[in-house]
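Take a look at the structure below.
Counting starts at 1 for both ligands and their atoms, in listed order.
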Amino acid sequence: MAGLQSGPVDDDGGPPAALVDVVLPCLNERPALPKVLGALPPGYRAIVVDNGSTDGSGALAASLGAAVVDEPRRGFGAAAHAGLLAATAEFVAFCDCDGSLDPSQLATMLELVCTGRADLVLGARRPARGAWPIHARLANMALSWRLRRLTGVPVTDLGPLRLARRSAILGLDLRDRRSGYPLEMFLKAHRAGWRVVEIPVDYAPRVGKSKVTGTFRGTVTALKDMATQLAAASGRTPQTEGGSSADRPAADAERATP
Ligand SMILES: Nc1nc2c(ncn2[C@@H]2O[C@H](COP(=O)(O)OP(=O)(O)O)[C@@H](O)[C@H]2O)c(=O)[nH]1
Ligand SMILES: [Mg+2]
């Protein structure tokens, strides 16, 4: 296993490969891109998924050195999943492309997964003043309460900053292509027996306009998509508490064996 800050050196002597690919779903986030990309620590490669932006986000991201993936099909999940499919690093993180989150806090998440203490790490947002609209906060509190009851995982936020092993997330076979994607990831990870761990992360006011919780349409779509995921999860017979370790990310399952 390579160190946490720099990836393995390519066989051909080229630049070190990224240890973490950071998927950044991006719909018209031009004003935020310099801050977001400038905040990525060494060893973390930005994959900006341009979700049909009309403000030149994709071209700006490429000029700033990011890998850019085009995903014309609209939807947070469509963008996030296209980024996951384009990723090649051992670990993948997801982060809003709006300047609200601090990618340097991914280092703690990476450490938890690398050392076998977690399979999926979620960032629980600690908002600065004005960062989080009250309706979104209340909806998120209600969702977290429901998730705690449903899964027993002491989750307090279904936050957008998260990290896991790439091959493991691919194995979850995520299907949602809209706002239910982060919830589907959590529910399927739990069902597969993953250790889902939450750590606090800073949450600053975003740069530019919100596409989800800041708009009526975005909020309604998010609620509908979450309800679909919850209904699917509630209707299933739960596995043994914590799920089957056979479904866990392989490397971590090995480490978890006493
Ligand atoms: N809602 C939405 N967001 C998208 C889409 N494609 C990419 N995104 C990005 O997904 C991220 C989350 O959206 P954001 O506006 O930050 O939602 P908020 O955090 O709830 O305010 C941002 O980086 C958006 O640019 C899409 O089709 N719909
Ligand atoms: Mg956001």
Side-chain angles (χ1 to χ4, degrees), residues 21-40 46-61 64 66-86 92-103 105-106 122-144 157-162 174 176-185 201-226 228-229:
D21 278 333
V22 183
V23 174
L24 297 155
C26 176
L27 176 58
N28 295 328
E29 303 287 6
R30 199 182 154 87
L33 277 165
K35 177 183 178 186
V36 173
L37 298 177
L40 282 184
I47 300 182
V48 172
V49 185
D50 186 5
N51 205 201
S53 297
T54 53
D55 68 348
S57 287
L60 177 61
L64 293 171
V68 177
V69 173
D70 276 315
E71 174 48 74
R73 189 157 49 129
R74 278 284 167 90
F76 176 84
H81 201 70
L84 173 64
L85 294 179
V92 172
F94 296 86
C95 181
D96 276 5
C97 193
D98 59 6
S100 61
L101 297 155
D102 178 359
Q105 296 182 325
L106 288 169
L122 305 177
R125 289 167 282 184
R126 300 288 180 263
R129 185 185 288 268
W132 208 352
I134 188 72
H135 70 277
R137 224 172 150 176
L138 290 173
N140 195 68
M141 278 169 68
L143 175 64
S144 303
D157 182 19
L158 198 71
L161 191 68
R162 45 183 64 200
L174 300 175
D176 189 289
R177 294 295 178 263
R178 301 199 312 183
S179 301
Y181 191 85
L183 177 56
E184 184 185 13
M185 188 187 296
V201 296
D202 299 332
Y203 194 50
R206 80 173 341 272
V207 178
K209 285 208 181 88
S210 168
K211 316 299 179 312
V212 185
T213 49
T215 69
F216 180 73
R217 189 165 166 226
T219 303
V220 170
T221 304
L223 290 174
K224 274 200 324 211
D225 293 347
M226 304 272 182
T228 304
Q229 291 302 327

Test item: His135 side-chain N/O and Thr213 main-chain N/O as donor-acceptor pair under 3.5 Å: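 Yes: the side chain of His135 pairs with the backbone of Thr213.
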
Donor-acceptor contact present, side-chain Arg206 to main-chain Asp96, <3.5 Å: no

Atoms in ligand 1 with a heavy atom of Gly75 nearer than 4.0 Å: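 It comes down to these atoms of ligand 1: 26 (C), 27 (O).
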
Sub-4.0 Å heavy-atom approach of Cys26 to ligand 1: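 The answer is yes, since Cys26 has a heavy atom less than 4.0 Å from ligand 1.
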
Looking only at protein heavy atoms, which one is nearest to [atom], and what is the separation?
| atom | answer |
| --- | --- |
| atom 14 (P) of ligand 1 | Arg206 NH2, 3.5 Å |
| atom 22 (C) of ligand 1 | Glu29 OE2, 3.4 Å |
| atom 11 (C) of ligand 1 | Asp96 OD1, 3.5 Å |
| atom 18 (P) of ligand 1 | Thr213 OG1, 3.5 Å |
| atom 9 (C) of ligand 1 | Pro25 O, 3.2 Å |

Shortest-distance N/O/S atom, Asp96 versus the Mg ion (ligand 2): OD2

Proximal heteroatom of Asp98 relative to the Mg ion (ligand 2) (N/O/S): OD2

Interatomic distance, Leu40 atom CG to Leu106 atom CG [nearest 0.5 angstrom]: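 So the gap between those two atoms works out to 8.0 Å.
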
Closest to atom 15 (O) of ligand 1 (judged by heavy-atom distance), picking from Arg73, Glu71, Arg217, Lys211: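 Closest candidate by heavy-atom distance is Lys211.
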
Minimum side-chain heavy-atom gap Val22-Pro103 below 4.5 Å: no

Side chains of Tyr181 and Asp225 in contact at under 4.5 Å (non-hydrogen atoms):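 Tyr181 does not reach Asp225 side chain to side chain.
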
Residue of the set Asn51, Ile47, Val48 for which side chain to side chain contact (heavy atoms under 4.5 Å, CB included) holds with Val69: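 Of Asn51, Ile47, Val48, side chain to side chain contact (heavy atoms under 4.5 Å, CB included) with Val69 is met by Ile47 alone.
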
